[in-house]
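Notes follow once the structure below has been shown.
Order of the sequence lines fixes the chain letters, A, B, ..., with proteins taken first and strands second; residue numbering starts at 1 for each chain.
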Amino acid sequence: MNKQIKYTIFGDTGILIKFDEKLSEVNSRMAVNFSQLIRKENIEGFIEAQVSYNSIVVHYDPLKIGSSVLIMKMRKTEAKINEIELPRPRVYDIPTLYGGEYGPDLEYVAEYHGITPEEVIGIHTKEPLWLYRFIQNIVPAKLITPRREVPRLKVPAGSVGIGDKQTGVYPIDSSAGWNIIGRTPLKLYDPQRDPPFLFEIGNYVHYRST
Amino acid sequence: MFKVIEPGLFSTIQDIGRFHYRKFGVGAGGPMDIFSFRIGNILVGNKNDESSLEVTVFGPKLMALEDTAIAITGGDLGFTINDKYAPMWEAIKLDKGDLLGFKGLRKGCRAYISIFGGIDVPKVMGSQSYSSRYRIGGIGGRPLIKGDVIKSRVSGIGIEKFIGRKISKEICSKIEEIYSWHEKEATVLRVIVGPFEDHFSTHAIKKFLNSEYIITRNADRMGYRLEGPQIKHNFKGPDIISIGLVPGAIQVPGNHKPIIFLHEGAFGGYPLIATIISTDLCKIGQLKPGDKIKFNEVNIRQARSIKEEYENEIKSFIQCFL
């Protein structure tokens, strides 16, 4: 299965690597795996790989490596995608308090879909969801709800929401355009902790009603 | 060591940046004008990655609590010592009790206060830089406030070696070249087109490269919103699946007005018409609302030679003192 991987110049310090246009767990997994492979290569001048959905942005130091040499080295690494033994994805539980003061939009989401809030919770917690980004998943189709027209100025860290096709958790207090259906007491981000971020993409999260 | 008498409009501690956490959404941060930041560190004999104070438009008032050496670089915010104008781009000795201040903006937007020995604040996730979104770094994860004490990492021993260091003629010409201090003309920012140029017609890209834009009041370390000719998307529309962003990436959202993405964010979901080359990012550090800009296209090879040229100038400058 040799998918076409596209490399595009992104300013003079970035390379955008795109997998298939389609948004899927398979493409996302490929992106995560490939980014881990590239990191392992220890290419001089490589700084960081930022994976998001089906793409990777590689940040590099142009004084240490040229864009064409970097792309060539990454292309060479493609061959290893199937060879390498990568850690199996884990499932992280996200205990969530749904509705009430923690989920002011739960009722709206239920109404929007013509189902009960309990049914919303049922669908949201049914299966582990792949982490496409920190902390974002693709929501089950039955819960796709448009973003709020007017984003809230501030929602607390740990807020669980649904915005169009995405669901996820806000790791820090943020302004938010998503419909907030619950909150997790988990401290997903703690700058004083090692590691500061509780889990990485390339894994699953399972929302659990508490 | 300094005591903050007045914090100024927005004064934050920045080192060269926080890498390796962008994948989690934490922007790299770092100085908005890295050229001035680096020259400042060289003047006071600091290593490249020591932190400095980045001050914005209205600078702070600081009292020296011990003898030290400092250098002020970047925009001209009206630097004073004991209320008298003092020279920029030079390593200056401050005696205990001296008052470092700024009388008012004359050119540019931001200045750097480089202190001998760098600033002593803990590293958070690998960097001392203040991050506005995550409220980490600097002193207590916030900008300076009145009463803060800014400690340097070493005492004042050895400052004599650096006192009187000035910029070379070559660096002086580079400064003239980089910053167009003329208020009437537009600052030229060199860009590499893309990576989402396929969301725009050739005509739209041409329009973008031939238009003048004005920086709006929505301009900060996260991004600069621009006012000017609207750039319409083609059939591909104004949305992309969000990707990691490079500072200097220019997004065009649904309202067709470009936004320059800068140092505090990490991801974006609007088509990127062009990306400002890294060497020109320092110019943005000196631009403020009302300033005019224009974009010139370059290719990656040109961007690389420009970057190498600047780096060689800085290296030669460091050599002067070895």
- Do A:Y92 and A:H206 make the cut of ring centroids closer than 6.0 angstrom? no
- Task: Under 4.5 Å heavy-atom distance to chain A, tell me which part of B:A266 shows up: side chain, backbone, both or neither.
- Result: both
- Task: Compare all side-chain heavy atoms of A:Y207 with those of A:I121 and state whether any distance is below 4.5 angstrom.
- Result: no
- Where does B:R304 contact chain A at under 4.5 Å (heavy atoms): side chain, backbone, both or neither? side chain
- Cut-off 4.5 Å, heavy atoms of chain B, and the answer for A:I172 is side chain
- Side chain, backbone, both or neither: which part of B:V26 has a heavy atom under 4.5 Å from chain A? side chain
- With A:Y53, which of A:F19, A:Y132, A:F134 fulfils ring pair (Phe, Tyr, Trp, His ring centres under 6.0 Å)? A:Y132
- Query: Should we say atom CZ of A:R133 is surrounded by more than 12 heavy atoms from elsewhere, each under 6.0 Å from it?
  - Reply: yes
- Query: For B:F196, is it the side chain, the backbone, both, or neither that has a heavy atom closer than 4.5 Å to a heavy atom of chain A?
  - Reply: side chain
- Message: So which residue, A:P62, A:G14, A:S67, ends up with the most heavy-atom pairs under 4.5 Å with chain B?
- Response: A:P62
- Note on the structure: One option among B:A303, B:S278, B:A274, B:P122 has the most heavy-atom pairs under 4.5 Å with chain A, and it is B:S278
- Task: Inspect the surroundings of CZ in A:R193 and state if more than 12 heavy atoms from other residues, nucleotides or ligands are less than 6.0 Å away.
- Result: yes
- When A:Q192, A:E200, A:Q136, A:K18 are compared by non-hydrogen pairs under 4.5 Å with chain B, the top option: A:E200
- Query: Between A:A49 and chain B, which part of the residue has a heavy atom less than 4.5 Å away: side chain, backbone, both or neither?
  - Reply: backbone
- For side chain to side chain donor-acceptor pair (under 3.5 Å), just list the numbers for B:D15 and B:S127, CA-CA rounded to whole Å, side-chain angles, deciding distance to a tenth of an Å, and then say yes or no. CA-CA 7 Å; B:D15 63 13; B:S127 163; 2.7 Å; yes
- Task: Could you look at B:R135 and say if it's the side chain, the backbone, both or neither that has a heavy atom under 4.5 Å from chain A?
- Result: side chain
- Query: Of the backbone (N, CA, C, O) and the side chain (C-beta and beyond), which part of B:V246 lies under 4.5 Å from a heavy atom of chain A, both, or neither?
  - Reply: both
- Below 4.5 Å from any heavy atom of chain B, which atoms of A:D194 appear? Answer side chain, backbone, both or neither. neither
- Query: If you draw a 6.0 Å radius around CZ in A:F46, do more than 12 non-hydrogen atoms from other residues or ligands fall strictly inside?
  - Reply: yes
- Query: By a 4.5 Å heavy-atom criterion (distance strictly below it), what part of B:I243 contacts chain A: side chain, backbone, both, or neither?
  - Reply: both
- Query: Checking B:I241 against chain A: side chain, backbone, both or neither under 4.5 Å from a heavy atom?
  - Reply: side chain
- Message: Looking at chain A, which one of B:E308, B:H20, B:E311 has the largest number of heavy-atom pairs inside 4.5 Å, strictly under?
- Response: B:H20
- Compute the centroid of each ring, for B:H199 and then for B:F235, and state whether the two points are separated by less than 6.0 Å. no
- Turns out that what part of A:I9 lies under 4.5 Å from chain B's heavy atoms comes down to both
- Message: Here's one to test your reading of the geometry: is the NZ or CZ of B:K174 within 45 degrees of the ring axis of B:Y310 and under 6.0 Å from its centre?
- Response: yes
- Side chain, backbone, both or neither of B:L245 within contact of chain A (heavy atoms, under 4.5 Å): both
- Message: Would you call the rings of B:Y134 and A:F197 parallel, tilted or perpendicular, taking 30° and 60° as the class edges?
- Response: perpendicular
- Please say whether more than 12 non-hydrogen atoms of neighbouring residues, nucleotides or ligands are located less than 6.0 Å from CZ in A:R39. yes
